[in-house]
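To start, the structure itself, in structure tokens.
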Amino acid sequence: METNTVTTDREQKNFLEQIIENDLQSGKVSAIQTRFPPEPNGYLHIGHAKSICINFGLAKKYGGKTNLRFDDTNPVKEDTEYVDSIKEDIHWLGFDWAGEYYASDYFEQLYSWACELIKKGLAYVDDQTLEQIRENRGTVQTPGKNSPYRDRSIEDNLRLFKEMREGKYKDGEKTLRAKIDMAHPNMNMRDPIMYRIIHASHHRTGDKWCIYPMYDYAHGESDSIEKVTHSICTLEFDIHRPLYDWFIKSLEIYPSHQYEFARLNITNTVMSKRKLLQLVKEGYVAGWDDPRMPTICGFRRRGYTPESIRRFCEDIGVAKRDNLIDYSRLENSLRDDLNKRANRVMAVLHPIKLIIDNYPTNQTEELEAVNNPEDESKGKRKITFSNTLYIEQDDFMENAPKKYFRMTIGQEVRLRYAYIVKCTSCEKDEQGNVTTVHCEYDPLTRGGDTPDGRKIKGTIHWVDANNCIDAKVNIFDRLFLTEKPDEAEEGKTFLDNLNPNSLTVLEGCKLEKSLKDAKPLDKFQFERLGYFSVDYDSREDNLIFNRTATLKDSWTKQK
RNA sequence: UGUCCCAUGGUGUAAUGGUAACACAGCAGAUUUUGGUUCUGUCGUUUCAAGUUCGAGUCUUGAUGGGACAACCA
């Protein structure tokens with residue numbers, strides 16, 4: 001292994017990279033093998049994306065491999081629906097796995113290893129009930145008590161365990177336990193349960209088994225079978241590591257090692273699968289892929305790109321201390337990506353009419369607009385202009401503050417790519433809302449240039465009222481009102497922190513004609529407004545856009 | 001009154017006993033046919049105490065604060 005390239009490298013490395021480089025240099029491992037081990041009992045969320053980027057990213061960086069392994073040891077919670085969605089999401093994120101495995105592939109091996117542990121006197125069949133086991137486990141501060149069945153003979157244990165497998169017992173009647181230490185300060189070491197009886201069909205093995213291994217017994221052994229060198233998981237498993245090591249050592253099998261990092265937390269959202277499932281099941285959101293959900297499919301539907309999510313995961317880094325990342329970091333990554341890639345178009349979300357009184361009534365002309373000022377290769381397009389346009393409600397004010405550079409009576413403003421116009425008057429409805437604004441244009445400023453060189457501070461976007469299309473636009477706000485929704489007040493739950501206004505549907509938005517063929521997941525920057533993506537439910541005659549994120553806005557801040 | 005993990009600007013993440021740094025956010029300015037982008041400048045950091053050392057963010061001990069652990073979940 002070359003070491004000189006590494007030492008001269010000034011790049012910052014996280015603790016996992018340091019561990020891996022040490023292991024590679026010392027010869028502890030010759031190549032690295034990682035794995036991403038989801039349980040197929042829910043959809044992947046942004047926290048999983050972090051784990052995916054770490055596991056796949058590390059293997060890629062150091063020339064190793066990553067397996068996808070489904071941790072499917074609990075048939076009552078798992079389903080192929082989740083298997084499929086998980087695979088889709090990983091691919092969409094841009095990763096491909098070396099091997100696709102299932103813990104259930106290893107059930108036979110796991111069973112025979114369990115028999116080996118029995119033969120070594122390191123496991124026993126326990127007849128205690130769930131309640132008795134719980135009671136005798138003790139507490140974190142008091143030692144537990146040995147089970148009365150703890151000293152059964154190896155022969156009895158072997159026979160009983162075989163009978164468990166054969167279906168001779170009902171759910172809960174017996175368990176197989178590792179024989180470690182009921183007084184161990186680490187609760188996980190107090191004779192942890194290795195197998196429980198569950199008479200339920202498994203999504204892959206059907207009714208072949210009625211005993212299923214627990215996570216602690218299955219996970220490390222699966223890692224070992226796959227010769228995983230670095231088994232990377234979140235912090236809450238660090239207390240399981242002694243047990244992880246105990247099984248591997250007792251079985252004398254390939255020594256995989258577990259390393260833990262701090263899970264991702266993001267402001268104003270929840271990240272637990274249980275809570276996400278609850279939001280879906282109880283109808284607080286429209287589904288797993290609701291654009292307000294922190295799921296991968298939710299972000300996808302909202303308009304996020306895989307690149308922006310990967311970039312985000314790199315940005316936030318990896319360490320062992322608890323963290324809470326501001327949601328805006330996600331938006332930053334998105335803007336950074338889409339600024340360079342999304343074509344610009346003009347759209348008016350809250351339309352009011354703008355009538356150019358000195359422009360010929362029946363005239364229409366075509367103007368040229370740049371598709372992406374960051375990327376000349378995206379070319380230009382034609383947009384039409386006439387005497388009646390739509391502009392944004394916010395872009396007109398009757399009594400404007402002095403730093404308001406938009407439309408207000410007597411002030412000149414540029415209509416993007418069109419003309420300089422001067423606002424003359426407005427019309428209101430009975431409630432006093434402005435419905436129509438009048439102005440006059442300067443014919444010498446076609447395209448938006450000022451031949452006399454006068455400076456125009458404001459430029460606003462517009463849509464030709466005589467040549468535009470209607471659309472529905474979903475505006476999303478944070479799903480939760482508080483930064484840490486999990487921390488609910490006394491007697492309340494995270495549900496009480498839900499934002500009742502997290503979704504606003506805008507009807508009758510006006511879009512430039514070029515958008516008529518937009519297909520689901522197409523992404524655009526609506527000039528001055530933000531990034532928008534076409535929703536799955538969008539149809540040619542009923543366009544629906546999702547606002548992915550706004551543009552940075554230093555104006556509303558100034559106000 | 002247990003065991004384990006963690007503690008660096010507002011938020012994250014580096015610094016491997018030798019000048020505390022980078023990103024984002026904030027603030028100020030420049031540029032701009034998007035109040036976007038881009039560019040420049042700027043603000044601001046080692047939880048506390050003792051110890052080891054020529055020298056400590058880093059090592060030791062203690063304290064404080066935060067987190068994890070008592071599913072036949074993962």
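To find a chain, count down the sequence lines: A is the first, B the second, and so on, and within it residues start at 1. Values in this document were obtained by computation on a predicted structure and should not be read as measured data.
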B:U34 base / A:Arg344 side chain donor-acceptor hit below 3.5 Å: yes
Quiz item: A:Glu374 side-chain donor-acceptor pair to B:U38 base, under 3.5 Å: no
Interatomic distance, A:Ile197 CD1 vs B:A71 C1' [rounded to whole Å]: 17 Å
Listed nucleotide nearest any side-chain atom of A:Glu39, set B:C72, B:A74, B:A7: B:A74
A:Glu17 with A:Lys61: basic N within carboxylate O range, under 4.0 Å: yes
Distance-only donor-acceptor test, A:Arg414 side-chain atoms vs B:U34 base atoms, 3.5 Å: no
Under-4.0 Å salt bridge between A:Glu307 and A:Arg311: no
Base B:G35 to side chain A:Arg406, donor-acceptor N/O within 3.5 Å cut-off: yes
A:Asn14 CG to B:C22 P, straight-line distance once rounded to whole Å: 20 Å
Geometric class of the A:Phe161/A:Tyr111 ring pair [parallel <30°, tilted 30-60°, perpendicular >60°]: parallel
Under-3.5 Å donor-acceptor pair between A:His240 side chain and B:A74 base: yes
Whole-Å gap separating C1' (B:A25) and CG (A:Asp336): 15 Å
A:Ser328 or A:Leu235, whichever maps to the more 5' nucleotide of RNA chain B: A:Leu235
Close side-chain approach of A:Glu221 to A:Pro213, heavy-atom, < 4.5 Å: no
Charged N-O contact under 4.0 Å between A:Asp394 and A:Arg528: no
Residue met sooner reading RNA chain B from 5', once A:Tyr531 and A:Thr129 are mapped to nucleotides: A:Tyr531
Nearest-Å distance for atom pair CD/C1', residues A:Gln12 and B:A20: 12 Å
Between B:C69 (C1') and A:Gln258 (CD): distance, integer Å: 14 Å
Aromatic-base stack, A:Trp555 on B:G35, cutoff 5.5 Å, angle under 30: yes
B:U16 base / A:Gln18 side chain donor-acceptor hit below 3.5 Å: yes
Nearest-angstrom distance from the residue atom CG of A:Asp395 to P of B:G36: 14 Å
A:Met214 side-chain proximity, nearest of B:A70, B:C72, B:A23: B:C72
